[in-house]
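Only one structure is covered here, and it is reproduced in the block below.
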Amino acid sequence: MPVKPEWRLVIHGGAGVILRENLSQEMEAAYTAALNEALEAGARVLSSGGEAIDAVEAAVLVMEDNPLFNAGYGAVFTAQARHELDAAIMDGRDRNAGAVAGVMRVKNPIKAARAVMDKSEHVMFAGTGADAFAETQGLDMVDNTHFDTEWRRQALERVLEDRARTAADRHGTVGAVAIDTNGNLAAATTTGGMTAKAAGRVGDTPLIGAATYAENGVCAVSATGHGEYFIRVGVAKTICDRVKLAGEPIAIAAGVALDEVAALGGDGGVIVIDGAGTPAFVFNSAGMYRGVIDASGARVAIYGDE
Ligand code: ASP
């Protein structure tokens, strides 16, 4: 009798200059709790025999609603002091995918991405058309100020004043990859982008093949980092292609892709899961909020030395 694959969920809450000396014990505890909550939301789906695609959506939804992360409520501000959100989701079974870019009114961009995948004949919607589509699908709509938080506003003011964006001004993108008990893979990524980004700027998050990719039997990837470089390298697809065509283990393939990002001047990280459910966290930034859960329990980490 064939052995059923184990389920497993891997998440990230952004990569960047995340150092112990910069994070208070209270903040560290808050991030740890938030990551665990997201892991448990996805695990509830997977442990009861549910699908990887539903698990990745459930996990990132929790983080979109948590102001600690740069996605949904708590997303960074654009230079015009508004929020333009990007999200993507991909199902490894048939490589069906859905994405939205620059949405301003849908409360949970990942739900809009899922609706694009399930309810439209397209893969990607942008701007006002994407919000309008989400509204026709009955998703919760909010005023753009719903996403406001004081600490992100202060970050905007600092960036505009200093005319410089630190790595800390863009981390916080969230993502998830999973394998379910039928061996299906899925990936989801959602973000507010970069603090003080120009109106209309779209990063790597909603681009299938850049920050998000899933193909059964190969791998699922969700990336976070300096989006322009991740787009130029095509990070997620590069990793999956190296696994598929060159037979590289996921950690090696991810390392090669991130080396390409670094060679161009970018930084960031990825979470990957392969067709057998092996997880990998690979990043070239100081830290990455991350976690994994399976039948044996949950584990979260933040810093580079964990
Ligand atoms: N990749 C995101 C973007 O460029 C930001 C991040 O992941 O930190 O929009």
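What you see below is based on every heavy atom in this structure, not just the backbone, and it leaves out hydrogens, waters and symmetry mates. Each ligand, and each atom within it, is numbered from 1 in the order the structure gives. Numbering starts at 1 and runs along the sequence shown.
Counting non-hydrogen atoms of neighbouring residues, nucleotides and ligands closer than 6.0 angstrom, the CD atom of E150 exceeds 12 such neighbours.
Residue G14 places every heavy atom at 4.0 Å or more from ligand 1.
In terms of N/O distances under 3.5 Å, ligand 1 is not approached by T191. In terms of N/O distances under 3.5 Å, ligand 1 is approached by D204. Polar contact check, G225 against ligand 1: a nitrogen or oxygen pair lies under 3.5 Å apart.
Side-chain atoms of R8 never come within 3.5 Å of backbone atoms of D294 as a donor-acceptor pair (strictly under, hydrogens ignored).
Atom numbering of ligand 1 starts at 1 in the shown order; those under 4.0 Å from a heavy atom of T173 are 2 (C), 5 (C), 6 (C), 7 (O), 8 (O). Taking a cut-off of under 4.0 Å to the non-hydrogen atoms of G227, the atoms of ligand 1 that pass are 4 (O).
With 3.5 Å as the limit, one finds a donor-acceptor pair spanning the side chains of S222 and T189.
Using a 4.5 Å heavy-atom cutoff, the side chains of F147 and F77 are not in contact.
Residue E215 forms a salt bridge (charged side-chain N to carboxylate O under 4.0 Å, His left out) with just one option from R95, R93, K237, and that option is R95.
Distances from atom 4 (O) of ligand 1 to the heavy atoms of H12, E84, R201, M194 put R201 nearest. The residue among D86, T224, T190, L85 with a heavy atom at the shortest distance from atom 7 (O) of ligand 1 is T224.
Salt bridge annotation for K197-E228: absent, with no cationic side-chain nitrogen under 4.0 angstrom from a carboxylate oxygen.
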